[in-house]
Amino acid sequence: MKSDMATAEVAQPYAQALMSIAQSHNLTEEFGEDARSLLSLLSENSQFQNFISNPFIQADNKKAVIRQILGESSNPYLRNFLLLLVDRRRIVFLESILQQYLALLRQLNQTVLAEVISAVPLTQEQQQSVIQKVIALTKARQVELDTKIDRELIGGVIIKVGSQVIDASLRGQLRRLSLRLTSG
């Protein structure tokens, strides 16, 4: 757990710096999209994650790969920021920095992040229903959904917003029924 705290402490000032750059150039949403794309790439491609966090790989090689991934059409402010992370040996914290940037962006936009776990993928209508429920609970202006699939839920959903958990899963209902039966 201590390493997570240390990672957060290192990542926070960089995430705030990235937000400052984004705000001063009116690019907060564009950087948000880029951050989501990079986070997706990091989670789906362990080779890329291992490459950028490997201390034995030369900085120039890391920079070349970052330039290649971002492409020529990428935002120069974001590209330079990532190259600076390589120079400062902080690129290993990229995932945490991007996650914290997105948290700052949600704060700025009065958006809450809701983690939704379901047994099967939710339809567009079901997602809208979850968003409306979360808005009613939190009074947030917008809701961003982070959806995950867990086949063991059998049916229904679990919604997590901050420390609040709404367990409307069939597994949760069966567990509560079981507890009532055993305590009665």
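- Note that CG of D167 is 10.0 Å distant from CD1 of I159, once rounded to the nearest 0.5 Å.
- Within a 6.0 Å sphere centred on CZ of F81, heavy atoms belonging to other residues, nucleotides or ligands number more than 12.
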- Query: How far apart are the C-alpha atoms of I69 and V65, what are their side-chain angles, what is the distance that settles it, and do they pass the side chain to side chain contact (heavy atoms under 4.5 Å, CB included) test?
  - Reply: CA-CA 6 Å; I69 285 171; V65 167; 3.7 Å; yes
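- When atom types are taken as modelled, the side chain of S96 and the backbone of F93 share no donor-acceptor pair closer than 3.5 angstrom.
- A salt bridge links D146 to K148: one of the charged nitrogens lies within less than 4.0 Å of a carboxylate oxygen.
- Hydrophobic clustering keeps I149 apart from I158 (ILVMFWY residues linked when any side-chain heavy atoms are closer than 4.5 Å, directly or through intermediates).
- Here the side chains of L42 and I52 are in contact, with some heavy-atom distance below 4.5 Å.
- At least one donor-acceptor pair closer than 3.5 Å links the side chain of R151 to the backbone N or O of A119.
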- Message: Working note: L98 + L102, criterion side chain to side chain contact (heavy atoms under 4.5 Å, CB included); need CA distance, chi angles, decisive distance, verdict.
- Response: CA-CA 6 Å; L98 295 174; L102 291 175; 5.7 Å; no
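- With 3.5 Å as the limit, one finds a donor-acceptor pair spanning the side chains of T123 and Q126.
- The minimum heavy-atom distance between Q99 and R106, with the atom names listed, is O-NH2, 4.5 Å.
- One hydrophobic cluster holds both L83 and Y14 under the rule that ILVMFWY side chains link at heavy-atom gaps under 4.5 Å.
- In this structure, the separation between CD on Q127 and OG on S118 is 8.5 Å, given to the nearest 0.5 Å.
- In the hydrophobic cluster analysis, where Ile, Leu, Val, Met, Phe, Trp and Tyr join through side-chain heavy atoms closer than 4.5 angstrom, V120 is grouped apart from V130.
- In plain terms, the two heavy atoms of L82 and I91 that are nearest each other are O-CD1, 3.9 Å.
- Between I66 and V86, some side-chain heavy-atom pair lies under the 4.5 Å cut-off.
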- Message: Could you walk me through whether E125 and Q128 satisfy the side chain to side chain contact (heavy atoms under 4.5 Å, CB included) test, starting with their C-alpha distance in whole Å, then the side-chain angles of each, then the deciding distance to 0.1 Å, before giving a yes or no?
- Response: CA-CA 5 Å; E125 283 173 24; Q128 279 308 318; 5.7 Å; no
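- Under the 4.5 Å side-chain contact rule for hydrophobic residues, L105 and L27 share a cluster.
- Looking at R79 and E72, no side-chain N of the basic residue comes within less than 4.0 Å of a carboxylate O on the acidic one, giving no salt bridge.
- Here the closest heavy-atom approach between residue I21 and residue Y77 is recorded as CG2-CB, 3.8 Å.
- A distance of 9.5 Å separates CE of M19 from CD of Q16, quoted to the nearest 0.5 Å.
- By the 6.0 Å contact criterion, CG on N26 is open, its count of non-hydrogen atoms from other residues, nucleotides or ligands being 12 or less.
- Going from atom CG of L113 over to atom CD of E144 covers 5.5 Å, rounded to the nearest 0.5 Å.
- Considering all non-hydrogen atoms of both residues, A140 and I135 come closest at O-CG2, 3.7 Å.
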- Task: Apply the test side chain to side chain contact (heavy atoms under 4.5 Å, CB included) to residues V157 and L122: give CA-CA distance (whole Å), side-chain angles for both, the deciding distance (0.1 Å), then the verdict.
- Result: CA-CA 9 Å; V157 295; L122 298 178; 3.8 Å; yes
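- Annotation for R88: atom CZ does not count as buried by contact number, only 12 or fewer foreign heavy atoms lying within 6.0 Å.
- Linking ILVMFWY side-chain heavy atoms closer than 4.5 Å, directly or via other members, places V92 and F51 in a single hydrophobic cluster.
- Side chain of N109 to main chain of T111: no donor-acceptor pair is present (N/O by atom type, distance under 3.5 Å, no hydrogens or angles).
- Side-chain contact, Q49 with E95: a donor N or O sits under 3.5 Å from an acceptor N or O.
- Taken to the nearest 0.5 Å, the CD atom of E44 stands 3.5 Å off from the OG atom of S40.
- The two residues Y101 and A15 have their closest heavy-atom pair at N-CB, 3.7 Å.
- Counting heavy atoms from C-beta on, the side chains of Q23 and L108 come closer than 4.5 Å.
- Within the 4.5 Å cutoff, the side chain of E30 has no heavy atoms near those of the E33 side chain.
- Side chain of N54 to backbone of N50: no donor-acceptor contact under 3.5 angstrom is found.
- Within the 3.5 Å criterion, the main-chain N or O of V134 finds a donor-acceptor partner in the side chain of T138.
- Other residues, nucleotides and ligands contribute more than 12 heavy atoms inside 6.0 Å of the NZ atom of K63.
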